[in-house]
Number of protein chains: 2
Amino acid sequence: MIESESGNPLRRKLAAHVELTSGDVRELDGLAAGARRYPAQTPLLHQSDIPESAILVLDGFACRYKFLPNGRRQITAYLLPGDLFELDLDFRLPLDCALGTLTACRLALIPRPEYEDLIRRRPRIARALQMARLTEAATLREWITNLGSRSGPERLAHFLCEMLLRLRTTGLASENQYSFPITQADLADTLGMSCVHVNRVLQKLRRDGLIELSGRRLTILRPEGLKSLAEYDGSYLKPAATPLRPSSSDRPAA
Amino acid sequence: MIESESGNPLRRKLAAHVELTSGDVRELDGLAAGARRYPAQTPLLHQSDIPESAILVLDGFACRYKFLPNGRRQITAYLLPGDLFELDLDFRLPLDCALGTLTACRLALIPRPEYEDLIRRRPRIARALQMARLTEAATLREWITNLGSRSGPERLAHFLCEMLLRLRTTGLASENQYSFPITQADLADTLGMSCVHVNRVLQKLRRDGLIELSGRRLTILRPEGLKSLAEYDGSYLKPAATPLRPSSSDRPAA
DNA sequence: CGCTGTGTTGATAATGGTCAATTCTCGTGG
DNA sequence: CCACGAGAATTGACCATTATCAACACAGCG
């Protein structure tokens, strides 16, 4: 309902990567047509399923995750509004991880034929999705780095910085605050720590005046402070590709 | 030199995914032509470089890694013989992480035009590389899980299991042993632990009779033991895709 | 009003990091 | 053949981070 004013979030995200035609835009907005609501913590796809629909997140947070035999759960990726869970075209591989909602979500399922059609008919959209895949992979590598090389507070700070940047690209975060309805237990499964420890690390960030988290809203009080704690460099998210066609104003001096 | 007998490792790897024509094979073997040797610990590409060659590993171990401002290094992926560092076709994105050798390597640089040509002229190869990309992404998610949810010994065991499976697909590992010329310091940067701790965890695996590591060769003494410690499930590496065309011998009973 | 899930706290223990010294290995030159 | 030196592996002592367990507070909701 709110989206009808600003356009669907996928369109907003892709428009940042490529220039879309009005036909592209119509097509993208059409995807949101059959959207449905799902409650929080709903499993959507199980590990080793072979998916037959792409899934577009219109509202709420979803994630990829794995359950381990020892009972622990690891979240491997967040799907925010505008993110698309894609099908692979050539193969039908069983999923290496499950998919589910974290918060209440509005999702559009896109059946395989329709999805394949879209890719074929809309080269600009295909291109933008290809770009999204690249930054997705870069994000996975960044998470590996985060989990492998940073302490608790740094990890959490890094995660919060990433969320800020990602939510901003679809207009869901203002300069320094966003809606953040994530459970501490889910944060624990994201950051590879116990939820007691998540709680304490959150308190530390609060004590240090870096963030304020009340209700389901996060405010970053000292953005530079948080970024420097996290050693955050968001360039993996906004790939400054070499310009496609240098505009006439890009004339080198001399 | 040794490869001339068994074919280049990329060809061996791709043949596992798709059926290659003799033309494909000739093309793949041709890639190894201009190969050169690089010493261990050689940087090949820096973070934020825009690469102009794909890189094929023929021999030795290379890796992707990031340096953090705090001095730590995190390895995010191993490139084993047969693995290809690919270029992206549509964009020229700056790299989100660096690339370098771990051990002495034999590498073939494939200039962008030649690489693009290969993809265009050889649909089967393109398809197989696409598959390789999918398992690469699955491997990144598995690493996230490994770093986030497993203890030191489990993490190391998991890593060793993955190496075994991956090296086997190119014939570089036997049933339960392989050449493993990796430094403990590099292992530490891989697994997100200090190298002192890596040393102690290795000793624990040895004490428990799971592995033997001497010289530069690893022997897995109790494969089931190591796998169960790691809770290892290698299905993310060998995606049992739904068969392309059921062969006539695949007739269901009744 | 009393669930139920979530957040918070304290006490205690396990895991893993840091520092510093020592040994081992192996290639190089004498 | 041996001495040497550099990098790698190993060890011990000590400390920091983080997990675990258990109790309690708090909020939203039927």
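Letters go in sequence order (proteins before strands), and every chain restarts at 1.
For the pair Cys195(B) and Gly152(A), nearest-nucleotide mapping onto DNA chain D gives the more 5' position to Cys195(B). Looking at which nucleotide of DNA chain C each of Arg200(B) and Val196(A) is closest to, the 5′-most match is held by Val196(A).
Residues Pro94(A) and Ile50(A) approach most closely at CA-CG1, 3.9 Å, considering heavy atoms. When every heavy atom of Gly225(A) is checked against every heavy atom of Leu210(A), the shortest pair comes out as C-CD2, 3.7 Å.
Put simply, CZ on Arg72(A) is 13 Å from C1' on dT15(C), counting in whole angstrom units. In this structure, the CG atom of Asn199(A) is 11 Å from the P atom of dG10(C), given to the nearest Å. In this entry the distance linking CG of Asp189(B) with C1' of dA8(D) reads 14 Å, nearest Å. Computed from coordinates, the Leu213(A) CG to dC26(D) P distance equals 18 Å when rounded to whole Å. If you measure from atom CG of Leu218(A) to atom P of dG7(C), you get 13 Å, rounded to the nearest angstrom. Rounded to an integer number of Å, the gap from Asp186(B) CG to dA8(D) C1' is 11 Å. If you take CZ of Arg207(B) and C1' of dT11(D), they are 13 Å apart, rounded to a whole angstrom. Taking atom CZ of residue Arg216(B) and atom P of nucleotide dC26(C), one finds them 7 Å apart after rounding to whole Å.
Nearest to the side chain of Met193(B), among dA9(D), dG17(C), dT8(C), sits dG17(C). The side chain of Gln203(A) lies closest to dT8(C), out of dG16(C), dA9(D), dT8(C).
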Exercise for review: Evaluate the side-chain contact (heavy atoms from CB on, under 4.5 Å) criterion for residues Leu172(B) and Leu80(B): first the C-alpha distance (whole Å), next the side-chain angles of each, then the deciding distance (0.1 Å), finally the verdict.
Suggested key: CA-CA 10 Å; Leu172(B) 293 172; Leu80(B) 308 182; over 6 Å; no
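Using a 4.0 Å heavy-atom cutoff across all strands shown, Ser194(A) reaches at least one base atom of the nucleic acid. Arg206(B) comes within 4.0 angstrom of sugar-phosphate atoms only, judged by non-hydrogen atoms across all strands, and of no base.
With rounding to the nearest 0.5 Å, the separation of CD in Gln47(B) from CG in Asp96(B) is 7.0 Å.
Between Val201(A) and Met193(A) there is a side-chain heavy-atom pair separated by less than 4.5 Å.
An OP1 or OP2 oxygen of dT8(C) is reached within less than 4.0 angstrom by a side-chain nitrogen or oxygen of Gln184(A).
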